[in-house]
Structures are given as C-alpha cells and as structure tokens.
Amino acid sequence: MSTLTYPEVGATRLGPLPDGYNHLHHRAAVGRGRTDFETAGAAVIEWRAHRATGARVHASAARAATGVTVEVSAGIGPLRLAAPCEIIWTACEKDRTGFGYGTLPGHPECGEESFVVELADDGTVWFTVMAFSRPASWYTRLAGPLVPVAQRWYARRLAAVLRRAVSAA
C-alpha cells in the first residue's frame, strides 16, 4: 500500500504531465561522450549530485532503486525544509540513467520529480529534470510563485554540479 500523496504515479517517466499542477522541464547539456554519461549518471543515481548542491540526503539505500525512501533537506538550522520521497521508477539503460521520486506525507509539495541523464546519438550528454507539483502545506501555498522559481534554480544547480563532475573526471 503506497503512501504517496498524489494519484498520477509514474507520469514523469511516461508522460504527459498531469493538469492541475505546476510543471517543470529543465534540460541542459552537461558533457560529451560515454565517459561523461557514465560519470553524470552515477552522480545522479548515487545521490552525489544532490549532495553536491548543499542539500542533505538521507536515503534507505546507497543508490536510487524502486521503493527506496529518501529525504532531501535544504536550508539552515530551524529554517531547514525536509522533503520525504519514495523512488517510484529507475532507468539504468545503455544511454539513459536516472530516477523519479514521488512525494510522501510531510513533503511541502505534492507531486513527482525525475532526474535523468541521457547520451544522445551525437554524443551530447543531457541532464533533464521534469516535475509536476502543487503546494501541500500552508507555507508553500503562502510562498506561491516563489516555489516554482526555487525548483528551477535547483534544477539549474544540479546541472552545474554535473558539468563540474564530468569535467573533473
């Protein structure tokens, strides 16, 4: 029995994103070639990309896998927001690596978000964040249009972290 806080489970993998939510789609080139793809994919699936942004990550496993629970938190001291999620799908394919997680009770938002690294036919390594969400707490409702801005900032930050990771490899 799932405790996910929304009914459209898996929409970030199969699409389309459901109506009634804010949508996020951020895609950025982070490298080139198989080695960069493998480096970026491992950083995503092993939580290193999230941690490198400054977020705290507490996961029930060292790697993203279906059913793993993860709590990502950001902020300082009493202003730290915790976001509990469950991994609902993973992709560990030849040219595609990543996962999608859904919100659990206690998450300030309600919805789903995915983080995927792909190796294109031309050798470009793409990182894509796709999400649908809406406020699930009084403070995210109060924050209104600031929440999607923060989500876009975090997606861009993750892409920058991955670019640095592949350039250092």
Side-chain angles (χ1 to χ4, degrees), residues 4 8-17 21-75 80-104 107-109 111-133 147-169:
L4 295 168
E8 302 90 345
V9 176
T12 58
R13 181 177 195 154
L14 305 173
L17 298 182
Y21 295 86
N22 293 315
H23 293 174
L24 169 67
H25 186 259
H26 178 75
R27 185 173 189 236
V30 296
R32 188 150 190 83
R34 174 75 44 198
T35 301
D36 287 357
F37 165 74
E38 291 172 0
T39 299
V44 167
I45 211 91
E46 295 170 0
W47 317 115
R48 286 183 280 131
H50 282 69
R51 285 186 174 112
T53 67
R56 289 187 187 164
V57 178
H58 299 285
S60 63
R63 293 173 54 90
T66 303
V68 166
T69 56
V70 60
E71 182 178 276
V72 179
S73 63
R80 183 165 290 281
L81 292 178
C85 298
E86 180 180 330
I87 307 300
I88 54 160
W89 64 265
T90 59
C92 293
E93 303 160 6
K94 180 178 178 249
D95 295 331
R96 186 171 187 258
T97 300
F99 67 90
Y101 57 32
T103 57
L104 294 172
H107 195 295
E109 290 281 301
E112 190 173 296
E113 190 165 20
S114 66
F115 309 90
V116 176
V117 177
E118 295 176 284
L119 179 59
D121 291 340
D122 70 357
T124 304
V125 178
W126 293 98
F127 173 63
T128 303
V129 178
M130 191 174 338
F132 61 92
S133 63
V147 173
V149 170
Q151 289 172 324
R152 284 191 302 276
W153 174 85
Y154 188 65
R156 287 191 303 271
R157 177 94 173 103
L158 282 167
V161 159
L162 290 175
R163 276 193 289 280
R164 279 195 304 275
V166 300
S167 69

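None of the values given here were measured: they were computed from a predicted structure. For the single chain, residues carry numbers from 1 onward in sequence order.
Looking at every heavy atom in both residues, E8 comes nearest to Y21 through OE1-OH, 2.6 Å. Taking all atoms of both residues into account, the shortest heavy-atom contact from A159 to V30 is O-CG1, 3.7 Å. Closest non-hydrogen pair, P108 versus A82, comes out as CD-O, 3.4 Å. The minimum heavy-atom distance between R27 and T128, with the atom names listed, is CG-OG1, 3.5 Å. Pairing each heavy atom of T124 with each of A29, the nearest pair is CG2-CB, 3.9 Å. Heavy atoms only, all atoms of each residue included: I45 and C92 are closest at CD1-SG, 4.2 Å.
Crowding of D121 atom CG: a count of heavy atoms from other residues, nucleotides or ligands under 6.0 Å not exceeding 12.
Judged purely by atom type and a 3.5 angstrom limit, R96 has no side-chain atom pairing as donor or acceptor with the backbone of A91. Remark: side-chain polar atoms of R48 are not paired, donor with acceptor, to backbone N or O of A40 under 3.5 angstrom. Checking side-chain atoms of T53 against main-chain N and O of L158 turns up no donor-acceptor pair under 3.5 Å. Looking at E86, its side chain never comes within 3.5 Å of a backbone N or O of L4 through a donor-acceptor pair. The main-chain N or O of G111 is found under 3.5 Å from a side-chain atom of T103 such that the two form a donor-acceptor pair.
No hydrogens or angles considered: nothing links the side chains of S114 and W89 as a donor-acceptor pair under 3.5 Å.
The side-chain heavy atoms of T69 and H58, taken from C-beta on, include no pair separated by under 4.5 Å. The shortest distance between side-chain heavy atoms of V57 and V70 falls below 4.5 Å. Within the 4.5 Å cutoff, the side chain of L162 has heavy atoms near those of the V44 side chain. Put simply, the side chain of V68 does not reach to within 4.5 Å of the side chain of F99, judged on heavy atoms. By the 4.5 Å heavy-atom criterion applied to side chains, T66 and I88 are not counted as neighbours. V116 is not listed as a side-chain neighbour of M130, based on a closest heavy-atom distance of 4.5 Å or more.
The distance from atom NZ of K94 to atom CG of L119, rounded to the nearest 0.5 Å, is 8.0 Å. Here the straight-line distance linking atom CG of N22 with atom CD of Q151 works out to 7.0 Å at 0.5 Å rounding. One distance of note links NE2 of H107 with CG of L81; it measures 9.5 Å at 0.5 Å rounding. The CG atom of D36 sits 12.0 Å away from the CZ atom of R163 when rounded to the nearest 0.5 Å. Distance check, rounded to the nearest 0.5 Å: CZ of F37 to CZ of R32 gives 14.5 Å.
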- [ ] I would like to know whether R152 and L24 meet side-chain contact (heavy atoms from CB on, under 4.5 Å); could you show each step before the answer?
- [x] CA-CA 7 Å; R152 284 191 302 276; L24 169 67; 3.3 Å; yes
Open item on the list: Let's go through R34 and D95 carefully: what are the C-alpha distance in whole Å and the side-chain angles of both, what is the deciding distance for salt bridge (charged side-chain N to carboxylate O under 4.0 Å, His left out) to 0.1 Å, and is it a yes or a no?
Closed with: CA-CA 9 Å; R34 174 75 44 198; D95 295 331; 2.6 Å; yes
Open item on the list: Between R56 and V72, is the side-chain contact (heavy atoms from CB on, under 4.5 Å) condition met? List the steps.
Closed with: CA-CA 6 Å; R56 289 187 187 164; V72 179; over 6 Å; no
Task: Derivation of the side-chain contact (heavy atoms from CB on, under 4.5 Å) call for H26 and R156 - done: CA-CA 7 Å; H26 178 75; R156 287 191 303 271; 3.3 Å; yes
TODO: Evaluate side-chain contact (heavy atoms from CB on, under 4.5 Å) for Y154 paired with V129, printing each intermediate quantity in order.
DONE: CA-CA 10 Å; Y154 188 65; V129 178; over 6 Å; no
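Not less than 6.0 angstrom separates the ring centroid of F115 from the ring centroid of W47.
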